[in-house]
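Structure, as structure tokens:
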Protein chains: 2
Amino acid sequence: MAKKVTSQDVARHAGVSQSAVSRVFTKGASVSPEMAARVRKSAEALGYRPNALARGLITGRSRIIGLVVAYLDNPFYPDAIEKLSHALQAEGYHLLIFTTGKHGIDTERVISELIDYQVDGIITASINLSGELTRACAAAGIPVVLFNRGIPGSGLSAVTSDNQSGGRKAAEFLLAGGHARIAHIQGFEKASTSIDRLIGFEMALDAAGQGLHALGNGKYDRASAAEAARVMMDAPDPPDAIFVANDHMALAVMDVLRFDLGLSVPGDVSIIGYDDVPMAAWPSYDLTTLRQPTRRMVAATVEELLALLDAPTRPARRIEIDGPLVVRTSARIPDGWTQ
Amino acid sequence: MAKKVTSQDVARHAGVSQSAVSRVFTKGASVSPEMAARVRKSAEALGYRPNALARGLITGRSRIIGLVVAYLDNPFYPDAIEKLSHALQAEGYHLLIFTTGKHGIDTERVISELIDYQVDGIITASINLSGELTRACAAAGIPVVLFNRGIPGSGLSAVTSDNQSGGRKAAEFLLAGGHARIAHIQGFEKASTSIDRLIGFEMALDAAGQGLHALGNGKYDRASAAEAARVMMDAPDPPDAIFVANDHMALAVMDVLRFDLGLSVPGDVSIIGYDDVPMAAWPSYDLTTLRQPTRRMVAATVEELLALLDAPTRPARRIEIDGPLVVRTSARIPDGWTQ
DNA sequence: CGGGTATTTGCATACCTATGCAAGCGACCG
DNA sequence: CGGTCGCTTGCATAGGTATGCAAATACCCG
């Protein structure tokens, strides 16, 4: 086990000062080409790399982004996280994971740990953090970007797809398909994504003079969604179409309809999901769904976070990215549908 | 934006020395109860938390574990990572994510970055790092645990399920089911998991006096697995059973058989997977598979890593955890099967 | 009540790097 | 040829914490 090699060691080896070594590895510092070459050669020989901790201590920037996440069973998130990590690495940042309890979110502890590690910024995903996070991070001056979740009035930047627009598109497609009893299974009822999808959906239904036939609560959870579907279909007047607030739940609903209730999708009931996770395209489901443009959402998230790092006083922005309806076969296709 | 509050500030506020403050927050240091109470009160009042970077700098332990990961589309990994993160947080460690290129692994860069951040240990998942990692980490004295992958002869600790045993169980189940043409679609052909599953599978077939009917390469990738299945079924004498090296690929194979080729599973072909990801239990697939006991694998990984952190010279261990065959309906169930 | 031990506290320093400041140097211009 | 400017380099220090050492205090037993 070799001892850690420091800038001092390199300086000695190259016969220069420690500051010179530091400057060679500090972007934008003033060094002559010869000095740079000489130092790099010694560094190479000794296997030197600047200590990110020490660097972070003195610059006040750790180049660590805290990723706060509750659950990863919805496959939308792993994909997003992978892309986020890539994008941030390209900018010289890395993600430090903080997992919260799945149900009761241990906000206090998470925030403490985020501060301990001197994270430069925070990204949250699959999670609703209460106002505590807002306060604590504002106090500590740590920029926050909410990924795929907004907290209205929180003053935090948020990146989502255009959920209201998505809900509207789902409704319009089902209406065009001639459905008469259109229902919705929402996600976690306090999540902005779920709320907005419902709002957009209901508004379009209302505009067509047709109300929401039924509403169930799936809590962004497979089992709850399945149960909600069962209850809904058990009613005297079951729906002939269900818009489900995300794909993860929509697949569960399809399973319940087909295997528990022996119904046909879309013969008996049309299903529309939200996210366009990879599985939605699998032939067993072939789920019509609203695509969340992950790449663009990730790019926007990183861009916004970097902007906040540069100018912490910058006002928060709410970025909504529109995604298309991906028409597959889980919902009846209206005659002559082209859009 | 409040300035960072340091141990100095707390010391002043409490009227004690900075060392006293430090000791209160250092486990195992000698402090009187009154001192502790007093300091904690001031710390609370000022909102002080020890700076993990500075602490890491001086103790030489960052309490950061590098997680090196290539891809997350196999849902086995997100689940495992979530559990890993939880378990490590309970021990006061956090995961810093390093994503590698999906194909060409940029070993050099990843190793450099791992060293930059002074990670205390490394966990790799869904990835084959060449000998470079071994060398570099041995040189830097950083313990490594390979999760769900072993590199024989690397001298690195590894935690996997008992892949050979799993392969054997798959073969025995298919043999008991009276299958005559038993094939295999392997994963990434250099991955130890894939190799071992194949070895166990073939050995059991051989022992029964029956050879491997066909072998395809799915590269742990959905599209490749689908292609391999098509080729295999296109042969003059197609298999009547396929053991696929993980669930992720097995589901793709089932889709190809049912939807592209119009075959019945298990009527025409029996399928067995490996992992027991959540989707395997979904009624659309109801996949017979070998369970990887994620919880126990994670626990073993964390335990082994902590042991290595305590005693870096400890010899590497190879931990294999046996998992059961989960019998569902994607493979013909032998008459009177009880095991 | 004294001497010795155990415990607690403060002082000073180390960890490793970045950076302000001043000095050195060459170059360029008038 | 002298003065000024720009660039490069080294010196010294800071950033926030942990810890060895010595001093101080408390405690115990004889």
Side-chain angles (χ1 to χ4, degrees), chain A residues 2-40 42-43 46-64 92 112 115-120 140-141, chain B residues 2-40 42-43 46-64 92 112 115-120 140-141:
Chain A
K3 289 202 173 44
K4 318 212 174 205
V5 32
T6 76
S7 57
Q8 290 283 9
D9 302 330
V10 177
R12 247 190 308 277
H13 185 274
V16 300
S17 73
Q18 178 269 329
S19 353
V21 178
S22 170
R23 274 187 259 263
V24 170
F25 288 92
T26 304
K27 211 174 68 167
S30 152
V31 222
S32 69
E34 310 87 61
M35 171 68 86
R38 190 160 156 197
V39 167
R40 284 192 191 283
S42 291
L46 301 180
Y48 170 75
R49 303 237 70 207
N51 181 326
L53 267 49
R55 176 175 273 183
L57 182 58
I58 194 167
T59 59
R61 332 206 79 201
S62 60
R63 303 200 77 84
I64 293 176
S112 299
I115 296 178
D116 290 355
Y117 278 98
Q118 307 282 109
V119 298
D120 288 343
Chain B
K3 291 202 173 44
K4 317 212 175 202
V5 30
T6 76
S7 57
Q8 290 283 6
D9 302 330
V10 177
R12 247 190 309 277
H13 184 275
V16 299
S17 74
Q18 179 269 329
S19 354
V21 177
S22 169
R23 274 187 260 264
V24 170
F25 287 92
T26 304
K27 212 175 68 166
S30 150
V31 221
S32 67
E34 309 88 59
M35 171 69 85
R38 191 161 157 197
V39 168
R40 284 194 189 283
S42 292
L46 302 181
Y48 169 75
R49 302 237 71 206
N51 181 325
L53 266 50
R55 177 175 273 184
L57 182 57
I58 192 166
T59 59
R61 334 205 77 201
S62 60
R63 302 200 76 83
I64 293 176
S112 299
I115 296 178
D116 289 356
Y117 278 98
Q118 308 281 112
V119 299
D120 289 343

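Naming: A, B, ... by sequence-line order, numbering from 1 per chain. Just so we're clear, the structure is a prediction, and the values are computed from it rather than from any experiment.
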*Determine the contact category for B:S22: base if any of its heavy atoms lies under 4.0 Å from a base atom, sugar-phosphate if only primed atoms, P, OP1 or OP2 are that close, otherwise nothing.*
base

*Between B:M35 and B:I58, who's closer to the 5' end of DNA chain C by nearest nucleotide?*
B:M35

*asked:* Heavy atoms only, 4.0 Å cut-off, all strands: where does A:V21 land among base, sugar-phosphate and nothing?
replied: nothing

_Backbone N/O of A:V31 and side chain of A:R23: donor-acceptor pair under 3.5 Å_ = no

_Using whole Å, what does the distance between atom P of nucleotide C:dC16 and atom CG of A:D9 come to?_
8 Å

*Interatomic distance where NZ belongs to B:K27 and C1' belongs to D:dT19 [whole Å]*: 17 Å

*May I ask you to say what A:T59 touches in the nucleic acid, namely base, sugar-phosphate or nothing, with a heavy-atom cut-off under 4.0 Å?*
sugar-phosphate

*asked:* What is the separation between atom NZ on B:K4 and atom P on D:dG16, rounded to the nearest whole Å?
replied: 8 Å

*Do A:S17 and D:dC11 have a side chain to base donor-acceptor pair shorter than 3.5 Å?*
no

_B:R40 NZ/CZ over B:F25 ring centroid, <6.0 Å and within 45° of normal_ = yes

*Taking only N and O in the side chain of B:S32, is any of them less than 4.0 Å away from OP1 or OP2 of C:dT7?*
no

*Quick one: A:E34 CD to C:dC25 C1', roughly how many Å, whole number?*
13 Å

*asked:* Does any part of the side chain of A:Q118, heavy atoms only, come nearer than 4.5 Å to the side chain of B:K4, both counted from C-beta?
replied: yes

*Please figure out whether A:Q18 or A:V31 has its closest DNA chain D nucleotide nearer the 5' end.*
A:V31

*With no angle test and no hydrogens, is the base of D:dG15 tied to the side chain of A:R55 by a donor-acceptor pair under 3.5 Å?*
no

*How many Å lie between CD on A:Q8 and P on C:dA18, as a whole number?*
12 Å

*Within this structure, what is the CG-to-P distance between B:N51 and C:dC16, rounded to whole angstrom?*
16 Å

*Is there a donor on the side chain of A:S30 or the base of D:dC7 sitting less than 3.5 Å from an acceptor on the other?*
no

*Go through the N and O atoms of the side chain of B:R49 and the base of D:dG16, and report whether any donor-acceptor pair is under 3.5 Å.*
no

*May I ask you to say what B:S19 touches in the nucleic acid, namely base, sugar-phosphate or nothing, with a heavy-atom cut-off under 4.0 Å?*
base

*asked:* Taking only side-chain N and O atoms of A:S7, does any of them lie within less than 4.0 angstrom of OP1 or OP2 on C:dC16?
replied: no

*Would you mind telling me which of C:dC11, D:dG16, D:dC11 lies closest to the side-chain atoms of A:R23?*
D:dC11

*Counting N and O atoms only, with roles assigned by atom type, does the side chain of A:D116 sit under 3.5 Å from a partner on the main chain of B:N51, one being a donor and the other an acceptor?*
no

*Counting N and O atoms only, with roles assigned by atom type, does the side chain of A:R38 sit under 3.5 Å from a partner on the main chain of A:A14, one being a donor and the other an acceptor?*
yes

